[in-house]
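Following: one structure in structure tokens, then a few remarks.
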There are 2 protein chains.
Amino acid sequence: MADGYHHGNLRAAVLARAAEVIEREGPYAFSLRSLAADLGVSHTAPRHHFGSREGVLNALATEGYTELANRLRANREAGGGFLESGVEYVRFAAEHPAHFQVMFAPSLLDEDDSELSAARAAAFGELTSGVESMAEEGRPVQDAAGGVVAGWAIVHGIATLALTGNLDSSGVRALLGDADLLTITRRSAGLLFGATGAFPETARE
Amino acid sequence: MADGYHHGNLRAAVLARAAEVIEREGPYAFSLRSLAADLGVSHTAPRHHFGSREGVLNALATEGYTELANRLRANREAGGGFLESGVEYVRFAAEHPAHFQVMFAPSLLDEDDSELSAARAAAFGELTSGVESMAEEGRPVQDAAGGVVAGWAIVHGIATLALTGNLDSSGVRALLGDADLLTITRRSAGLLFGATGAFPETARE
DNA sequence: GCCTCGAACTATACGGCGGAAAGTTTTCGC
DNA sequence: GCGAAAACTTTCCGCCGTATAGTTCGAGGC
């Protein structure tokens, strides 16, 4: 099925190979022509499935948001708190760096794509629903809205800094030793959420 | 001086124009040829000053790290605490989005460039020196190392989310209203640092 | 069992791109 | 004012994304 004139599974093969290339060399090195050559098809074959280069990146981002939403939902259904949702967010970024990069590079995407918008909305819905479940658990929440943004920002910051190599710099390593990424995440985010998963009462004078 | 065969100030003109284009359309859209056409020079003229397209981006990143270091130093010398350093970090990202993007896009840069490395090291030195000054102020610091990383992550996360348009999404706006970016930063980072600039004692059961 | 029809893929062509090499113009040190 | 270096141009190359027209394949109807 995979031999001959028809590739058989070109769409999936393009997405998988694109993720590899982007993970290794970044989104700007990703080219449809070299990708097609690697897969043994003509350079216009991917266009049939994705329309354009941007279409491939849109599909990659959509795939990423869907996977992220699945992970966050699984965490919530397993009783994981907001802190563990954050850890899952960082884990996703570490395991799918290409997807993560493209998901947060709006200049590479067609933001009018409805599939992308839907997948993103679903993922962000899962992200914010964590705080509601926290309130249900009776945790003390002083500033829920600020806390959600702070929580998102801190895990997004850790993910982004890690993916850009900034957590491996000598300065940071001098502070943190050789702790692994998820340990760093729990330690740093724990300062915000508190060890129990609640937001701390803001320290005052 | 700016007319005739020699442009007179091509290096600075290229950097300024590159920042404009990248701010508007992202780093992928930035092309030496269209840039040179806009400035009225041949498409190989910038190459004389920067060596390559990557060289322009390296210069932009170096410029950005230098400016960021200056701002952080000025804040420290003016007696601003760690929280205000974070606010300054976000302000820099908002005012120089192109520089910020390029600074944190290692796949666009030549990381072996010594000027870039020096400028980056200087900026990150300023960033971490904030926590030392905090200790000198007698603030209670439970986990200084984790706090520095958490502080960096939260402001970097806010900056990145803002620059990718994720703080303007309907979900976030429903939480935060129409608060401006620096207010959001103080509110969210304040949950981590505490209103006084210190790290909170971690909440426990 | 054949035939059609649509989906999957190829071939070719075009302009814009970054880069290399060689040549031209200007500025500046002396 | 002159020689050398700095600033810039011209020309060429190969790769890129995209558009258009054509080719191959396989599945469903009969």
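To find a chain, count down the sequence lines: A is the first, B the second, and so on, and within it residues start at 1. Because the structure is a prediction, the values reported are computed rather than measured.
Note: F104(A) and F124(A) have parallel aromatic rings, judged against thresholds of 30 and 60 degrees for the angle between ring planes.
The distance from atom CZ of F50(A) to atom P of dA7(C) is 17 Å, rounded to the nearest whole Å. Rounding to whole angstrom units, CG of residue N9(A) and P of dG26(D) are separated by 15 Å. Rounded to whole Å, atom C1' of dA5(D) lies 14 Å from atom NE2 of H49(B). Between D38(A) atom CG and dC16(D) atom P the separation is 10 Å, expressed in whole Å.
Contact annotation: H48(A) reaches the phosphate of dA8(C) (side-chain N/O to OP1 or OP2, under 4.0 Å).
S114(A) and S117(A) share no side-chain donor-acceptor pair at under 3.5 Å. In this structure, a donor-acceptor pair under 3.5 Å is absent between the side chains of S169(B) and N166(B).
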Per-nucleotide protein contact string for nucleotides 12-18 of chain C (B base, S sugar-phosphate only, - none; heavy atom under 4.0 Å): BB---BB
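With hydrogens and angles ignored, the 3.5 Å screen pairs a side-chain donor or acceptor of R173(B) with a backbone N or O of A179(B).
A salt bridge links R17(A) with D38(A): the closest approach of a Lys/Arg side-chain nitrogen to an acidic carboxylate oxygen falls below 4.0 angstrom.
Residue order along DNA chain C, read from the 5' end via each residue's closest nucleotide, puts L10(A) first among E54(B) and L10(A).
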Exercise answer: donor-acceptor pairs, residues 92-100 of chain A side-chain atoms, under 3.5 Å, sequence neighbours excluded:
residue: E95(A); atom: OE1; partner: R71(A); partner atom: NH1; Å: 3.2
residue: E95(A); atom: OE1; partner: R71(A); partner atom: NH2; Å: 2.6
residue: H99(A); atom: NE2; partner: E63(A); partner atom: OE1; Å: 2.7

